[in-house]
Amino acid sequence: MKVALLSGSVYGTAEEVARHAGQLLENEGFETFYKPRASLDELLTAAPQALLAVTSTTGMGELPDNLMPLYSQLRDLLPAALRGLPGAVIGLGDASYGDTFCGGGEQVRELFAELGVNEVQDMLRLDASESVTPETDAEPWLVEFSRRLRKP
Ligand SMILES: Cc1cc2nc3c(=O)[nH]c(=O)nc-3n(C[C@H](O)[C@H](O)[C@H](O)COP(=O)(O)O)c2cc1C
């Protein structure tokens with residue numbers, strides 16, 4: 001099964017988490033496609049069978065600029081090829097932002113719902129005010145995600 005990773009990042013932390021997640025998924029026996037700032041064409045050409053989005057939050061609960069082109073294209077076109085795929089979201093944020101904690105991740109969850117992507121696991125919220133090791137903090141969640149992809 002091929003898992004496409006999408007990422008949105010301002011300072012690079014979410015990209016590091018996505019890269020580490022890709023490695024872990026490959027170790028679990030999955031194929032992966034990960035290209036930061038991939039276009040919609042590149043994503044669809046990869047023909048993913050599952051999606052994992054990893055995004056931080058900026059502004060007041062907004063998505064990072066580098067995810068916006070793909071996010072907008074996906075929302076405008078709602079490609080049928082992604083309908084019904086299993087997926088999940090890892091949100092990076094900082095709980096000290098209160099109500100907008102992991103707001104970027106929430107926006108991707110809403111997008112997944114519009115696309116018909118089947119969210120197979122609750123969003124993982126990584127809190128920068130609690131931990132400085134988000135890559136390794138995500139590992140148990142990713143192992144569970146792998147299990148759910150194998151046995152939907
Ligand atoms: C200007 C700015 C605004 C932010 N706004 C939010 C926010 O609204 N909600 C949130 O949960 N985190 C917010 N954060 C925290 C980041 O999402 C968090 O530090 C994240 O780990 C950064 O990941 P990145 O390096 O991939 O961008 C903000 C950080 C900065 C610097």
Side-chain angles (χ1 to χ4, degrees), residues 2-28 30-46 48-77 79 82 85-115 117-149:
K2 189 193 262 188
V3 184
L5 292 110
L6 322 178
S7 70
S9 183
V10 179
Y11 302 106
T13 320
E15 280 182 17
E16 281 308 312
V17 173
R19 216 166 269 125
H20 192 78
Q23 212 96 66
L24 185 146
L25 290 171
E26 295 209 348
N27 293 343
E28 292 279 332
F30 295 93
E31 254 187 276
T32 63
F33 167 80
Y34 178 45
K35 183 175 178 206
R37 293 171 294 282
S39 68
L40 180 59
D41 271 356
E42 288 171 320
L43 175 64
L44 294 179
T45 302
Q49 293 153 304
L51 297 177
L52 175 61
V54 183
T55 186
S56 70
T57 302
T58 189
M60 290 300 289
E62 284 142 36
L63 283 171
D65 282 348
N66 68 0
L67 187 56
M68 284 314 292
L70 179 60
Y71 173 85
S72 303
Q73 281 185 304
L74 284 167
R75 267 196 89 168
D76 290 347
L77 298 171
L82 304 181
L85 297 191
V89 179
I90 296 178
L92 284 81
D94 185 320
S96 63
Y97 284 85
D99 285 352
T100 67
F101 179 47
C102 290
E106 293 293 355
Q107 289 191 49
V108 176
R109 292 187 62 218
E110 284 163 24
L111 172 66
F112 275 7
E114 288 174 44
L115 288 167
V117 170
N118 176 23
E119 199 176 13
V120 294
Q121 187 167 353
D122 287 346
M123 177 165 86
L124 174 66
R125 291 171 173 77
L126 295 169
D127 181 0
S129 73
E130 284 281 323
S131 167
V132 291
T133 53
E135 295 98 330
T136 45
D137 295 347
E139 286 174 358
W141 184 96
L142 285 161
V143 169
E144 176 61 20
F145 180 57
S146 305
R147 199 186 64 77
R148 291 184 189 201
L149 290 182

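Counting convention: from 1, in listed order, for ligands and their atoms alike.
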- Message: If we count only N and O atoms by modelled type, under 3.5 Å, do the side chains of Glu15 and Ser7 hold a donor and an acceptor together?
- Response: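 No donor-acceptor contact under 3.5 Å links the two side chains.
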- Query: Have Asp41 and Ser39 got a donor and an acceptor in their side chains that come within less than 3.5 Å?
  - Reply: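 The answer is no; no qualifying pair exists.
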Examine [X] against ligand 1 and note whether any of their N/O atoms are separated by less than 3.5 Å.
| X | result |
| --- | --- |
| Ala14 | yes |
| Thr13 | yes |
| Ala128 | no |
| Gly8 | no |

Closest non-hydrogen protein atom to [atom], residue and atom name please, with distance?
| atom | value |
| --- | --- |
| atom 29 (C) of ligand 1 | Tyr97 OH, 3.5 Å |
| atom 5 (N) of ligand 1 | Gly59 O, 3.0 Å |
| atom 9 (N) of ligand 1 | Thr100 O, 2.9 Å |
| atom 10 (C) of ligand 1 | Asp94 N, 3.5 Å |
| atom 23 (O) of ligand 1 | Ser56 CB, 3.2 Å |
| atom 26 (O) of ligand 1 | Ser9 OG, 2.6 Å |
| atom 17 (O) of ligand 1 | Thr57 O, 2.6 Å |

- Gly103 near ligand 1 by a heavy-atom separation under 4.0 Å: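 Gly103: no contact with ligand 1 (<4.0 Å).
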- Message: Heavy-atom contact check, 4.0 Å cutoff: does Cys102 meet ligand 1?
- Response: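 Yes; Cys102 lies near enough to ligand 1 that a heavy-atom distance drops under 4.0 Å.
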- Message: So which atom in Gln107 and which in Glu62 form the shortest heavy-atom distance, rounded to 0.1 Å?
- Response: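 Answer, listing the atom of Gln107 first, then Glu62: NE2-CA, 3.8 Å.
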- Glu62 contact mode with ligand 1 (heavy-atom cut-off under 4.0 Å):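 Within the 4.0 Å criterion, Glu62 makes no contact with ligand 1.
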- Message: Between Arg125 and Glu106 (salt bridge meaning N to carboxylate O under 4.0 Å), is one present in this structure?
- Response: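 Looking at Arg125 and Glu106, the cut-off is met.
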